[in-house]
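The next block holds one structure in the form of structure tokens; read it before the comments.
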Amino acid sequence: MRFENETIREILREYRKIWAIHHLRSLAEWDSDVMMPKGGSSLRGDALAESANLVQSFYTSDHFVSLVRRAEGADLNDYERGVLRVLKRTIHYYMALPPELVAEEERTVESAKRAWEQAKEKSDFSIFAPHLEKIVDIQRKKAEHLGYEGHPYNALIDLYEEGATVDFIDRVFSEVLPTVRDALKRIVESEKYFDHHELEDITYERQDMENLNRTVLTSFGADWGHFRMDVSAHPFTIDLAGPQDVRITTWYQGKDFRRSLLAAVHEWGHALYELQQDAELCCTPVSGGVSLGIHESQSRFWENHIGRSLAFVEAFYEDFRFAIPSLEAYEPMEVFRYFNMVRPELIRVEADEISYILHIVLRYELEKVLIEGSLPVSELPQAWNEKMEEYLGVTPPDDAHGVLQDIHWALGSIGYFPTYALGTILSAQIRHAMELDLGPIGELIRMKNFGPIRIWLKEKIHQWGSVYPPNELIKRATGEELNPEYFKKHVKERYEKMYLS
Ligand code: MG
């Protein structure tokens, strides 16, 4: 039994109520993005805002808070300590923020989303600017209420990545940046550089592509009794009740098939993290992935280390050809080159593995100065374009392809972006640790033998839910703290071979 302490058990019984609201809020969010007619959005926003207040009043109720206090100082096991850690963080969050600020954030985000959509459509930053000013102001107030040491950004990033700080992120980025920038420069200047691949133009039938995605995920081990795949404007994963009900989405553009396939593979990585959690953690505060960075390490592991490998292309080459007959003219090696082509792009979600890090560094640097107050929102588009030129050597023709491309800031998510890079970097370390135990995973992928990979991830990471904080989980899983050396080595190996030898 994971939870034996009487007070903890009482807390978990109480928590079932909040779990039920979380569960239904998730279902409402999934519905908003996959099923709901557009006209339903305003009332859905109201329902989510009202239920957010219910959640806050639950976490701050005297009864619940005193129960949690009572458990402090008791002799607890790891699972129970995890429950206490997660609840104390959540209670601190809701106690620190005035309810008016919580409500103001919900309302501001609702109108900011609509303004952002319009601004992006018309490529006119001035439509979004006043909303973003409010959002930055709210996030700065939040940081003040939550408290921090050093930089105010520390209070915000901790909401997405427990324990992460500006100092930590700066150190990680300063370690990987020279390798990433040097690799990109050498690739773009290489004789083997190509800025277009014919396979980007090959079209497919939507149903054939969906069948291919399903075939691949079934080989990975998808149990369709507990897992769904649908379609949405942007691919995402939602955990409704892991391990019993986890859902992903992908997208279908009708051509450039790697986009649909690699999105499905990416989201599968997120989904498996939720599907393989210890069933006894279900409906408790420690159910589900512990942080966005660890979550992204799982999706990036499946996307970059499995989906973009030559072994994967070779293993599924016949399936690719069955879905898209015109692929016949291309050898597996050509498909591999297409999956891994490096090209400095304007758009983050279309970026290759190397440029991707630079897209994140750019956003992170801008977020920091916005929160400091040293960059006014009105100067953001210009600052964006200058950094794009500096890091990627491209300049957006308009704001829709620049500063307006991502929805995150409209959602109030400042401090979220760095977790994408942390996950990408960590995924290489996870692969290294896995290969010490299993040998080269290319062999397993080539045989479509994904069982050992799933089991390794389950034992080392997935089963633990949020029991351990991110840092401790990484150490337990890989034997050391986040170490960017593995990512640097991965970049060199994969791209040296393809471009530079
Ligand atoms: Mg992801």
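The residues of the chain are indexed from 1 along the displayed sequence. Indexing begins at 1, ligand by ligand and atom by atom, following the structure's order.
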Worksheet item: Closer than 2.8 Å to the Mg ion (ligand 1), how many protein N/O/S atoms do you count?
Response: 3
Worksheet item: Quick one: side chain to side chain donor-acceptor pair (under 3.5 Å) partners of R247, sequence neighbours excluded?
Response: D245
Fill in: Residues that E345 engages under salt bridge (Lys or Arg N to Asp or Glu O under 4.0 Å), provided they are two or more places apart
R343
Practice prompt. For a salt bridge (charged side-chain N to carboxylate O under 4.0 Å, His left out) with E303, tell me which candidate from R308, R431, R259 qualifies.
Written response: R308
Practice prompt. For E314, check salt bridge (Lys or Arg N to Asp or Glu O under 4.0 Å) against everything at least two apart and list the hits.
Written response: R446
Discussion item. Please evaluate residues Y364 and H359 with respect to the criterion side chain to side chain donor-acceptor pair (under 3.5 Å), reporting the C-alpha separation (whole Å), side-chain torsions for both, the decisive distance (0.1 Å), and the verdict.
Written reply: CA-CA 9 Å; Y364 166 67; H359 282 271; over 6 Å; no
Item to complete: Just say parallel, tilted or perpendicular for the rings of F128 and F125, cut-offs at 30° and 60°.
Response: perpendicular
